Amino acid sequence: MKPTFYPGVLALLLAGCAQPQPGSLKDALKNKFYIGTALSVAQFTGADTLSERVARENFSAVAPENCMKSMYLQPREGEFFFDEADRFVAWGEANSMWITGHCLVWHSQAPQWLCVDENGNNVSSEVLAARLKSHITAVASRYRGRIKGWDVVNEAILDDGSWRRSKLYEILGEELIPLAFQYAHEADPNAELYYNDYSMALEAKRNAAVQLVKTLKERGLRIDAVGMQGHIGMDYPAVEEFEKSLLAFAEAGVKVMVTELDLTVLPSPQPDVGAAVEATFGYQKELNPYADGLPDSVATAWTSRMADFFRLFLKHRDKITRVTLWGVCDDDSWRNNWPVPGRTDYALLFDRSGNAKPVVNEIIGQASR
Ligand code: XIL
């Protein structure tokens, strides 16, 4: 028997289809700035399909959470491991993402051999410069034209505005940063180049980063943006201080990127921990108050603070080119394990089931006003 055709039913179905869908985050922010996420290996290799889907549907930019750090890319001198980084870039391209690279020079997650000789003594400045050049050239030229911008140097300034006394700095001194920017530009002349750091709302750090931008520009070196990591808490930093920094960077003639945004609800074991990955503290139950769920009052306060930051970003969308969350869903976040391992945090825009948190609709609403 032929199925009976009911025009009325068809009209109803069509009307249903025509209902406006709630927009996605990336659509809402399309003409404002890129909205990005960091991706772990599990996400871009298909092991974590939930976060992979959330990333694909909601974000327009990606950064590698770990796989492009120098200890993974060049574990032994001259031996490169590009498999994961290649897959990361391919995933970004397949999903039409703005792809940034993180990071070419960083004192942390760097291979043991980088700064020392076979006896464990510091190498000369010439040797270190040559090693950095060879690493940066190999990596940035491999992804030339595909990675749109690089965090060239990560975390070289301390909270008091002085240079971090890392081994890299001990050997190369202040030349470390200009050299890294020069090598990166030579390897990929069209790539954008960034200086990236945490606690950038602190006045001393803000001033030092502004000075760095000026120095690089005076020397004719390319720098396109300052990355403000944005590992923030419920009571630090003040939104106004964050705003002062982003205005200061824009005034110095570069764009601003919020590169590693996450908002922890957990108590900090120490007030000024910033985001120094080496700062870790022992687990204590009192430091993990929301292991069984987040009380509504705390969730509401979190939403309101995250919304305040996005209001600031949208207000300065002419200066900000990208806002990247450091992870997709809450259980992906490094904040569950840093600075105290084994805690339950709620730092990102999507919950542990991959659902958008209420703040996502707030951001979409803010972007449409
Ligand atoms: C973190 C990753 O999220 C962790 O998985 C890893 O164990 C340590 O590094 N600043 C940065 C990022 O620039 O690369 C760091 O990422 C977080 C702080």
Side-chain angles (χ1 to χ4, degrees), residues 36-45 47-48 51 55 59 61-73 75 84-85 88 99-111 114 135 139 147 149-159 164 166 168 177 180 184 193-202 205 209 225-233 236-237 256-264 266 268 270 272-281 283 322-343 345-350:
T37 180
L39 288 184
S40 68
V41 174
Q43 290 155 359
F44 61 77
T45 56
D48 178 355
S51 289
F59 293 94
V62 278
E65 184 174 4
N66 285 301
C67 73
M68 284 191 168
K69 293 171 181 172
S70 58
M71 69 182 260
Y72 298 113
L73 285 183
E84 289 172 348
F88 162 76
I99 308 172
T100 53
H102 172 83
C103 44
L104 294 171
V105 177
W106 188 25
H107 66 280
S108 187
Q109 291 181 280
L114 185 61
H135 181 79
V139 176
I147 288 208
W150 279 102
D151 289 338
V152 179
V153 177
N154 197 29
E155 301 178 358
I157 301 171
L158 293 176
D159 289 358
R164 179 185 295 278
S166 64
L168 296 164
I177 304 180
L193 305 181
Y194 320 128
Y195 175 73
N196 193 52
D197 215 326
Y198 61 78
S199 297
M200 292 288 253
L202 294 175
K205 210 155 181 173
V226 166
M228 301 177 70
Q229 289 186 3
H231 296 294
I232 59 177
Y236 66 89
V256 175
M257 295 182 154
V258 180
T259 52
E260 303 183 15
L261 184 63
D262 47 31
L263 169 55
T264 180
L266 297 179
S268 177
Q270 187 177 294
D272 56 354
V273 53
V277 290
E278 53 278 2
T280 51
F281 301 84
Y283 180 88
R322 173 172 62 98
V323 174
T324 288
L325 276 293
W326 205 241
V328 184
C329 299
D330 277 343
D331 56 352
D332 304 325
S333 170
W334 77 305
R335 306 284 321 221
N336 295 302
N337 291 301
W338 179 90
V340 178
R343 299 198 292 179
D345 208 341
Y346 301 81
L348 299 171
L349 299 184
F350 293 85

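Note: hydrogens, waters and symmetry copies are ignored here, and every other heavy atom, side chains too, is used. Values in this document were obtained by computation on a predicted structure and should not be read as measured data. Ligands are counted one by one from 1 in listed order, and the atoms in each one are counted from 1 as well.
- Between the side chains of S333 and D345, no donor N or O sits under 3.5 Å from an acceptor N or O.
- Close approach of ligand 1 to N154 (heavy-atom distance below 4.0 Å) involves ligand atoms 11 (C), 13 (O).
- Residue W338 places every heavy atom at 4.0 Å or more from ligand 1.
- Protein heavy atom closest to atom 10 (N) of ligand 1, with residue, atom name and distance, is E260 OE1, 3.0 Å.
- Annotation: atom 8 (C) of ligand 1 to nearest protein heavy atom, Q109 OE1, 3.4 Å.
- Counting protein heavy atoms only, atom 6 (C) of ligand 1 is closest to N66 OD1, 3.4 Å.
- Between T324 and R322, the side chains place a donor N or O and an acceptor N or O closer than 3.5 Å (distance only, hydrogens not considered).
- Below 3.5 Å of separation, one finds an N or O of E155 facing an N or O of ligand 1.
- With hydrogens and angles left out, the side-chain atoms of N66 and E84 include no donor and acceptor closer than 3.5 Å.
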Practice task
Evaluate side chain to side chain contact (heavy atoms under 4.5 Å, CB included) for H135 paired with L73, printing each intermediate quantity in order.
Solution key: CA-CA 9 Å; H135 181 79; L73 285 183; 4.0 Å; yes
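- Across Q43 and S51, no two heavy atoms sit closer than the pair NE2-CB, 3.5 Å.
- Residue contact check: H102 has heavy atoms under 4.0 Å from atoms 11 (C), 12 (C), 13 (O), 14 (O) of ligand 1.
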Problem - Test log, rule side chain to side chain contact (heavy atoms under 4.5 Å, CB included), inputs F59 and V62 - result: CA-CA 8 Å; F59 293 94; V62 278; 5.8 Å; no
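- Contact between W326 and ligand 1 is present, with at least one heavy atom of the residue lying under 4.0 Å from the ligand.
- Neither the backbone nor the side chain of N337 comes within 4.0 Å of ligand 1, counting heavy atoms alone.
- Within the set H231, E65, K69, M68, the minimum heavy-atom distance to atom 15 (C) of ligand 1 is found for K69.
- Using modelled atom types, one finds no donor on one side chain facing an acceptor on the other under 3.5 Å when comparing D151 with W106.
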